[in-house]
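When a ligand or atom number is given, it counts from 1 through the structure's own listing order. Model, not experiment: these values are computed from the prediction. Residue indices begin at 1 and follow the sequence shown.
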Amino acid sequence: MKIFLDTADLAEIRRASEAGLIDGITTNPSLIAQVAGDADPRGIFLSICEAVDGPVSAEVVALDGEGMVREGYKLAKIHDNIVVKTPLTEHGLRACRSLRAEGIRVNVTLCFSAVQAILAAKAGATYISPFVGRMDDVGQSGMGLVEEIRSVYDEYGIETEVLAASLRHPRHVHEAMLIGADCATLPPKVLYQLLKHPLTDRGL
Ligand code: G3P
């Protein structure tokens, strides 16, 4: 399973990348806003891409399909590592289809059902991002969703990668791995929790 870091914090990205712990990065507009200040987000994406040898998800903020495609092209031009993130809406899937036709990779985000996931796959999504923690927040099974998507994609031979997102603790990562998610994205705190074990500390 690939491990992505869900952050736009360059220091955290460099630390994890230099230790060989991560395969890529996911961001969203809130994470970018936390580090951008007055800076141009494109400069931040470029620095992230230069710090990591792997996919870097950069999300569009437009809500209409044409606007998303325009933004997606601009984002994709920043660096070959960029994967454009679009939301799981009709406009988002339309944009996904157009961007994929130009060979641009797309991560379809905000997925909360297996039927949404199959529609994203039909639009050519490279990755589908089910939000585990947010499903748990409303009393539904986030990991059950990952399991359903895994089994539907396997049943129909769909190549879209399952990217378990909104993971809040090591148990989420463990379960996503056992289910066979292709990728898991987690905040830095959870990444370092994965490393810890009391018996490792005692052994030292
Ligand atoms: O990977 C998606 C993530 O950024 C959302 O996480 O914890 O806000 O649901 P959370």
Side-chain angles (χ1 to χ4, degrees), residues 1-13 15-17 21-36 41 44-45 48-49 51-52 54-63 68 71-72 75 81-89 92-93 95-96 105-114 116-117 120 125-150 153 160-177 179-194:
M1 182 175 73
K2 289 170 222 163
I3 302 265
F4 296 155
L5 203 59
D6 195 33
T7 186
D9 182 326
L10 259 180
E12 292 287 6
I13 290 168
R15 176 184 171 196
S17 181
L21 299 177
I22 55 169
D23 302 291
I25 299 293
T26 56
T27 66
N28 59 41
S30 317
L31 293 171
I32 292 294
Q34 282 169 22
V35 299
I44 294 168
F45 286 127
I48 295 175
C49 288
V52 180
V56 173
S57 287
E59 190 164 343
V60 298
V61 293
L63 295 177
M68 287 183 200
E71 261 186 69
L75 288 167
N81 286 354
I82 291 284
V83 172
V84 176
K85 215 168 161 189
T86 66
L88 212 157
T89 59
L93 295 189
C96 171
R105 291 175 295 168
V106 178
N107 174 0
V108 175
T109 189
L110 292 171
C111 175
F112 294 97
S113 78
Q116 284 183 320
T126 316
Y127 302 96
I128 183 71
S129 291
F131 272 33
V132 173
R134 293 201 196 173
M135 288 283 280
D136 292 352
D137 287 344
V138 296
Q140 297 181 13
S141 170
M143 214 44 79
L145 171 61
V146 175
E147 202 161 12
E148 280 185 14
I149 298 172
R150 176 74 285 154
Y153 278 10
T160 300
E161 293 193 34
V162 181
L163 197 175
S166 181
L167 303 181
R168 308 263 175 83
H169 47 72
R171 187 82 209 158
H172 272 156
V173 184
H174 181 90
E175 288 172 5
M177 184 173 67
I179 288 168
D182 299 287
C183 330
T185 189
L186 34 144
K189 177 181 160 211
V190 176
L191 177 68
Y192 295 103
Q193 283 175 328
L194 295 181

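- Looking only at distances, a side-chain donor or acceptor of Asn81 sits under 3.5 Å from a matching main-chain atom of Cys49.
- Of the possible polar contacts, none joining the Asn107 side chain to the Val83 backbone as a donor-acceptor pair under 3.5 Å is found.
- Only one option out of Thr7, Thr26, Asp23 pairs with Thr185 in a side-chain hydrogen bond (donor to acceptor under 3.5 Å, both in side chains); it is Thr26.
- Using a 4.5 Å heavy-atom threshold, the side chains of Val35 and Leu10 count as separate.
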For ligand 1, which of its N or O atoms have a protein N or O partner closer than 3.5 Å, and how long is each gap?
from: ligand 1; atom 1: 1 (O); to: Asp6; atom 2: OD2; distance (Å): 3.0
from: ligand 1; atom 1: 1 (O); to: Ser166; atom 2: N; distance (Å): 3.3
from: ligand 1; atom 1: 4 (O); to: Asp6; atom 2: OD2; distance (Å): 2.6
from: ligand 1; atom 1: 4 (O); to: Asn28; atom 2: ND2; distance (Å): 3.0
from: ligand 1; atom 1: 7 (O); to: Arg168; atom 2: NE; distance (Å): 2.8
from: ligand 1; atom 1: 8 (O); to: Arg134; atom 2: NH2; distance (Å): 2.9
from: ligand 1; atom 1: 9 (O); to: Arg134; atom 2: NE; distance (Å): 2.7
from: ligand 1; atom 1: 9 (O); to: Ser166; atom 2: OG; distance (Å): 2.7
from: ligand 1; atom 1: 9 (O); to: Arg168; atom 2: NH2; distance (Å): 2.9

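- Between the side chain of Tyr127 and the main chain of Asp182, no donor-acceptor pair closer than 3.5 Å is present.
- Here the straight-line distance linking atom CG of Leu186 with atom OG of Ser166 works out to 11.5 Å at 0.5 Å rounding.
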